Amino acid sequence: MFNPDIFKLNQNNIYLFLICLLFIFAFTLQSNFFVFIVIFSLLAGSLKAPFHLAIFFVAALFLTLVDFDTFKNFILLVVSIILLSVTFSEKIYDVLKIYSYIFLFFIICVLFTSEPKYGSFQEIFLFQQRLWLVLPDGREFNPNPLGLICSLVAFGFLINRNYIFMSLPLFLLLLTQSRAAILFFLIAFIIFQRVKAKNIIISFLVLIPFVYIILTSPLMDRFSEDGENGRIDRILVYSDALRNNYILGYPIPYYDEMIKVYGTLDNMYLLLILNYGLIGIFFLIYMIFMFLLNGKDEFYRVRLSLFIPFLVYGIFEGGIVNNYLTWIIFSMCFSGFNKNILRV
């Protein structure tokens, strides 16, 4: 059911609301200035997690040898995740609840202000075309990152037991026809619900309408016929850049130009190497290590339900790399940034 508690004017809810808005502004206006505002606001008063920040700042200095944009993007990614985790990781239910309401409203606004790239909205709602939107400024909102946002919103409603609201982002998720995003939600759903008789019954009742839609609509054709959808070809296109720049990465402005010609590199692990070289690999290993430091507290199952799907999703898509809209939720996967790892 709808929970009006998220609109109570307490400090945490207002702060979370503003942070979500700033990330939406960063995406909508294509300006990382708003991400810097988030970082400075999180740093206000005291320096949090100085050990972790220092490690990544020293590592990021090597990226200045590539170009400043590469250094800047890496710093934004790492610092945002660490500071958001330190600040909100013990309020994970509140974060997911507020994120879900705000980003559901954001998606609805995007729907009403955008045009479909292919076909019409009628064809999209009949699953004859994917929900692939062209924003008012001419940019495309690819169905895969849009589907991931829908999955995160649906999961936020799921863990807060708001099944009625969960149905809308799940339906929009199906409209994107993003197999990776649908897989993300299914894995998160299974891990969170666990294998218990009561949970199996609830899961069946919640998902049966969506399974029916998949089985009886043209959506099933996409699952059975589309294959890898050109991903391997794009990996081959980027293979030279990966092979020649795996130490410090390929300049991000050059990658942006390649996107216009060949499309994105749809693999988070390869994209981390392409953008940041060995430092990208270090970032990934460090995140996995920090997840393993999570204590098995009351939030452990929620963190596990997010972290594993993010890793799986990264096999098929760019994941969190350069996607501001996912950083808030990815940061909730960790509680270890509050600890001194030298004492672990």
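Computed from a predicted structure; not experimentally measured.
If you check the side chains of Asp94 and Tyr99, you find no donor sitting under 3.5 Å from an acceptor. A donor and an acceptor atom, one from each side chain of Tyr15 and Ser41, are located under 3.5 Å apart. With 3.5 Å as the limit, one finds a donor-acceptor pair spanning the side chains of Arg130 and Asn144.
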* Start with the C-alpha gap between Tyr276 and Phe282, add the side-chain angles, then the distance that decides, and say whether ring pair (Phe, Tyr, Trp, His ring centres under 6.0 Å) holds. => CA-CA 10 Å; Tyr276 308 119; Phe282 171 69; over 10 Å; no
Query - Pair Ile108-Leu168, side-chain contact (heavy atoms from CB on, under 4.5 Å): steps then yes or no - result: CA-CA 10 Å; Ile108 292 172; Leu168 180 53; 4.0 Å; yes
Item to complete: Evaluate side-chain contact (heavy atoms from CB on, under 4.5 Å) for Cys150 paired with Ile107, printing each intermediate quantity in order.
Response: CA-CA 8 Å; Cys150 291; Ile107 294 169; 3.9 Å; yes
**Message:** The test is side-chain contact (heavy atoms from CB on, under 4.5 Å); show your working for Met332 and Tyr93 and say whether it passes.
**Reply:** CA-CA 10 Å; Met332 294 300 100; Tyr93 280 88; over 6 Å; no
**Request:** Before giving the answer on ring pair (Phe, Tyr, Trp, His ring centres under 6.0 Å), spell out for Phe157 and Tyr101 the whole-Å C-alpha distance, their side-chain angles and the decisive distance to 0.1 Å.
**Result:** CA-CA 8 Å; Phe157 287 129; Tyr101 281 111; 5.1 Å; yes
For Val110 and Leu135, run side-chain contact (heavy atoms from CB on, under 4.5 Å): C-alpha distance rounded to whole Å, both residues' side-chain angles, the deciding distance at 0.1 Å, then the answer.
CA-CA 7 Å; Val110 169; Leu135 302 174; 3.8 Å; yes
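Linking ILVMFWY residues whenever their side-chain heavy atoms come closer than 4.5 Å, directly or via other members, places Leu84 and Phe330 in the same cluster. Leu43 and Leu22 fall within the same hydrophobic cluster, where Ile, Leu, Val, Met, Phe, Trp and Tyr residues are linked whenever their side-chain heavy atoms come under 4.5 Å apart, directly or through other members. The hydrophobic clustering, which links ILVMFWY residues whose side-chain heavy atoms are closer than 4.5 Å, places Leu175 and Tyr118 apart. One hydrophobic cluster, built from ILVMFWY side chains closer than 4.5 Å, holds both Leu325 and Leu21. With hydrophobic clusters built from ILVMFWY side chains whose heavy atoms lie under 4.5 angstrom apart, Tyr163 shares a cluster with Phe103.
Taking 4.5 Å as the limit, every side-chain heavy atom of Leu172 sits out of range of all side-chain heavy atoms of Thr176. Residues Phe299 and Lys91 fail the side-chain proximity criterion, which asks for heavy atoms closer than 4.5 Å. When side chains are defined from C-beta on, Arg303 counts as touching Phe291, because their heavy atoms get closer than 4.5 Å. The closest side-chain heavy-atom distance from Phe56 to Ile82 is below 4.5 Å. Annotation: side chain of Val79 is not in contact with side chain of Leu42 (no heavy-atom distance under 4.5 Å). Between Val66 and Phe74, every side-chain heavy-atom pair lies at or beyond the 4.5 Å cut-off. Side-chain contact between Gln30 and Arg139 is present, with heavy atoms from C-beta onward closer than 4.5 Å. The shortest side-chain heavy-atom distance between Leu183 and Val312 falls under the 4.5 Å cut-off.
Looking at Ser151, its side chain does come within 3.5 Å of a backbone N or O of Ala181 through a donor-acceptor pair. Formation of a donor-acceptor pair under 3.5 Å by the Trp327 side chain with backbone atoms of Ile320 is found in this model. Here the side chain of Gln129 pairs no donor or acceptor atom with the backbone of Ser120 at under 3.5 angstrom. When atom types are taken as modelled, the side chain of Ser100 and the backbone of Val153 share a donor-acceptor pair closer than 3.5 angstrom. Remark: the backbone N or O of Asp266 is not paired with any side-chain donor or acceptor of Thr264 at under 3.5 angstrom. Under the 3.5 Å distance criterion, the side-chain polar atoms of Ser331 are matched with a main-chain donor or acceptor of Ile328. Asp67 contributes a side-chain N or O that, together with a main-chain N or O of Thr70, makes up a donor-acceptor pair within less than 3.5 Å. Within the 3.5 Å criterion, the main-chain N or O of Leu311 finds a donor-acceptor partner in the side chain of Tyr269.
Within 6.0 Å of CZ on Phe17 lie no more than 12 heavy atoms contributed by other residues, nucleotides or ligands. Residue-environment remark: CZ (Phe25) stays at or below the threshold of 12 foreign heavy atoms within 6.0 Å. Around atom CZ of Phe121, more than 12 heavy atoms belonging to other residues, nucleotides or ligands sit under 6.0 Å away. Atom CZ of Phe57 has 12 or fewer heavy atoms from other residues, nucleotides or ligands within 6.0 Å.
Aromatic rings from Phe62 and Phe71 are positioned such that their centres are separated by 6.0 Å or more. Note: Phe34 and Tyr324 fail the aromatic proximity criterion, with ring centroids not under 6.0 Å apart. With ring centers used as reference points, Tyr313 lies 6.0 Å or more from Phe185. Taking the centre of each ring, Phe189 and Phe155 stay at or above the 6.0 Å mark.
Rounded to the nearest 0.5 Å, atoms OG (Ser239) and CZ (Arg234) are 14.0 Å apart. Rounding to the nearest 0.5 angstrom, the gap separating the OG atom in Ser85 from the CE atom in Met287 is 8.5 Å. For the atom pair Ile19 CD1 and Ile98 CD1, the distance stands at 10.0 Å (nearest 0.5 Å). Atoms CG and CG, on Leu96 and Leu306 in that order, are 6.0 Å from each other to the nearest 0.5 Å. Annotation: the span from Arg161 atom CZ to Met166 atom CE amounts to 10.0 Å, rounded to 0.5 Å. One finds the CG atom of Leu284 at 6.0 Å from the CE atom of Met268 (value rounded to the nearest 0.5 Å).
Pro136 and Thr113 get closest at one heavy-atom pair: CG-O, 3.2 Å. Scanning all heavy atoms of the two residues, the minimum distance from Leu83 to Leu53 falls at CD2-CD1, 4.1 Å. Closest heavy-atom contact between Pro309 and Leu304: CD-O, 3.8 Å. The minimum heavy-atom distance linking Ser178 with Pro143 is given by the pair CB-O, 3.7 Å. Of all the heavy atoms in Leu104 and Phe165, the pair that sits closest is CD2-CD2, 4.1 Å. Between Ser305 and Ala188, the shortest heavy-atom distance links the atoms O-CB, 3.1 Å.
No option in Tyr300, Phe307, Phe289, Tyr286 other than Phe307 meets the ring pair (Phe, Tyr, Trp, His ring centres under 6.0 Å) test with Phe334.
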Pair up each side-chain donor or acceptor in residues 250-263 with any protein partner under 3.5 Å, not counting sequence neighbours, and list the distances.
from: Tyr255; atom 1: OH; to: Leu265; atom 2: N; distance (Å): 3.2
from: Glu257; atom 1: OE2; to: Lys260; atom 2: NZ; distance (Å): 3.2

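The cationic atom of Arg179 (NZ for Lys, CZ for Arg) does not lie both less than 6.0 Å from the six-membered ring centre of Phe184 and within 45° of the ring axis.
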